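This report refers to the structure that appears directly beneath it.
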Amino acid sequence: MTRDLNPATIAAHAAGAVDPQSAGVVPSIQPATTFMRDESYALIRPDNVYSRDHSDTVRMAETVLRELEQAQDTLLFPAGMAAIAAVFRTLRAGDVAVIQSGIYWGTTKWVRDFCARRDVTLHEVDASDLTALQTKCAEQKPALVFIETPSNPWLKIVDIEAAAQATHDAGGILVVDATAATPILMKPLALGADIVMHSATKAINGHSDVLAGVLSTNTPDAKIWDIIKADRHDAGAVLGPFEAWLLIRGMRTLPLRVERMTQNAETLAAFLHGHPMIDDVLYPGLPHHTGHDTASQQMTGFGSLMSVLVKGDASDALRIVGKLKLFLRATSLGGVESLVEHRHTIEPHTGIPENLIRVSVGIEDIDDLIADWTEALG
Ligand SMILES: *Cc1c(COP(=O)(O)O)cnc(C)c1O
């Protein structure tokens, strides 16, 4: 075809992955760890040596993600955290890094520990406050700036274009964790980010049965990308072929799932915002949200993640969470099934309000989801 395909087509066709050997319309899983050479000791398939170097199944999954992201290169990792670690491991003693405050707690905790161990100077800033981010970049000249938008669980929105400008003016590299947006709703690379990261464990896989992470770039010749690539290969932070195969399968419906989840989330957020038992709903799709305008500009939908502040304290939040039947009480987000989480119970030391319920909206029937909340709120 002469024109570029749209995301729903790329995803449904798994970017053309089929099985040439059997003529199956689904690619096979190649679990071999090692690959043969011919009589003259030349590799039979020059790019296949050993599965830590890469595997066909992983390559297929990366192709789908690269095309969806409109990126020039994409690397899969065995977890979102492994992808984040790969980025920070490019830093050296004496370097300065800036991360957004109040983001995914696993990131904050690991980055703090890593930077302390490595003698990297770390600054945390509320990057949704653009002036604060610009000032921090101008003052500290960070080598790396890491933001997460929409952020988890505060749903803060960072202006990616402005963040890229501030980072580049300081001579640094901007990395965006776009997990809550997915490659369907937001294209950080087109907005100036150097690297986009996703926990593919979440909506990209979408079925709560694969742990994976992904990095993509449009500057594959950059030094940082070389280091990341070499480190993944040499240190072996690779995804297994079974996980890659499940990812290919899950991603076939990614645009469809994201569309439904976003619709459901928009309707649920508006319903909860108007409910007398609810204090506030943090969701960028609501017009009163401070990041609504920026989100409207840089996203084509507001995603499926929200946080609900109920009237009352921890016991009121826990009572409501305990009464929900369709929203399963579990961590994580982006799956076909709706989930709720009382983060304060799990992370009481991270400044999460005790009346906050984090909600990941699935693809269920919206009337059933609203009925569940109506009953739980009593
Ligand atoms: C889950 C998550 C991560 C970590 O990804 P894993 O696949 O669990 O390692 C990073 N960032 C965000 C925003 C997440 O939601």
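Both ligands and their constituent atoms are indexed starting at 1 by order of listing. Reckoned from all heavy atoms, side chains included, excluding hydrogens, waters and symmetry mates. Keep in mind that what you see is a predicted model, and the values were worked out from it rather than measured.
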Legend entry - Side-chain H-bond candidate by donor/acceptor type, Asn355 with His344, under 3.5 Å: no
Inset, instruction - Would you mind listing which atoms of ligand 1 come within a distance below 4.0 Å of any non-hydrogen atom of Thr201? - result: 6 (P), 7 (O)
Inset, instruction - Evaluate the side-chain proximity of Val64 to Arg252: yes if any heavy-atom separation is below 4.5 Å, no if none is. - result: no
Inset, instruction - Identify, by atom number and element, the atoms of ligand 1 in contact range of Leu333, meaning under 4.0 Å from any of its heavy atoms. - result: 15 (O)
Inset, instruction - Show which atoms of ligand 1 fall inside a sub-4.0 Å distance from at least one heavy-atom site of Ala212. - result: 7 (O)
Legend entry - For atom 9 (O) of ligand 1, the protein heavy atom that lies nearest, with its residue and separation: Met81 N, 2.8 Å
Legend entry - Polar proximity ligand 1 side, Met197 side, N/O cut 3.5 Å exclusive: no
Inset, instruction - Kindly indicate whether the side chain of Phe88, heavy atoms from C-beta on, has any atom under 4.5 Å from the side chain of Ile84. - result: yes
Inset, instruction - Show which atoms of ligand 1 fall inside a sub-4.0 Å distance from at least one heavy-atom site of Asp177. - result: 10 (C), 11 (N), 12 (C), 13 (C)
Inset, instruction - List, by chain and then residue number, the residues other than Leu305 in its hydrophobic cluster (Ile/Leu/Val/Met/Phe/Trp/Tyr, side-chain heavy atoms under 4.5 Å); write none if there are no others. - result: Trp154, Leu155, Leu282, Leu309, Leu333, Ile352, Leu356
Inset, instruction - Between Ala180 and ligand 1, find which residue part has any heavy-atom pair under 4.0 Å and reply side chain, backbone, both or neither. - result: neither
Inset, instruction - Establish, yes or no, whether a centroid distance under 6.0 Å links the rings of Phe302 and His292. - result: yes
Inset, instruction - Report the C-alpha separation of His54 and His233 in whole Å, then their side-chain angles, then the decisive distance to 0.1 Å, and conclude whether the ring pair (Phe, Tyr, Trp, His ring centres under 6.0 Å) test is met. - result: CA-CA 8 Å; His54 233 22; His233 173 271; 9.0 Å; no
Inset, instruction - Flag the pair Arg343 and Glu347 as a salt bridge only when some basic side-chain nitrogen lies within less than 4.0 angstrom of an acidic carboxylate oxygen. - result: yes
Legend entry - Closest protein heavy atom (residue, atom, distance) for atom 4 (C) of ligand 1: Tyr104 CE2, 3.5 Å
Inset, instruction - Do me a favour and list the nearest non-hydrogen protein atom to atom 2 (C) of ligand 1 with residue, atom name and distance? - result: Lys202 NZ, 2.5 Å
Inset, instruction - Indicate whether any N or O donor in one side chain lies under 3.5 Å from an N or O acceptor in the other, for Gln297 and Asp293. - result: no
Inset, instruction - Mark up the atoms of ligand 1 that fall under 4.0 Å of a heavy atom belonging to Gly80, in ascending order. - result: 5 (O), 6 (P), 7 (O), 9 (O)
Inset, instruction - State the atoms of ligand 1, each with its element, that fall below the 4.0 Å cut-off from a heavy-atom position in Ala79. - result: 7 (O), 9 (O)
Legend entry - Asn152 neighbourhood, listing ligand 1 atoms whose heavy-atom distance to it stays under 4.0 Å: 15 (O)
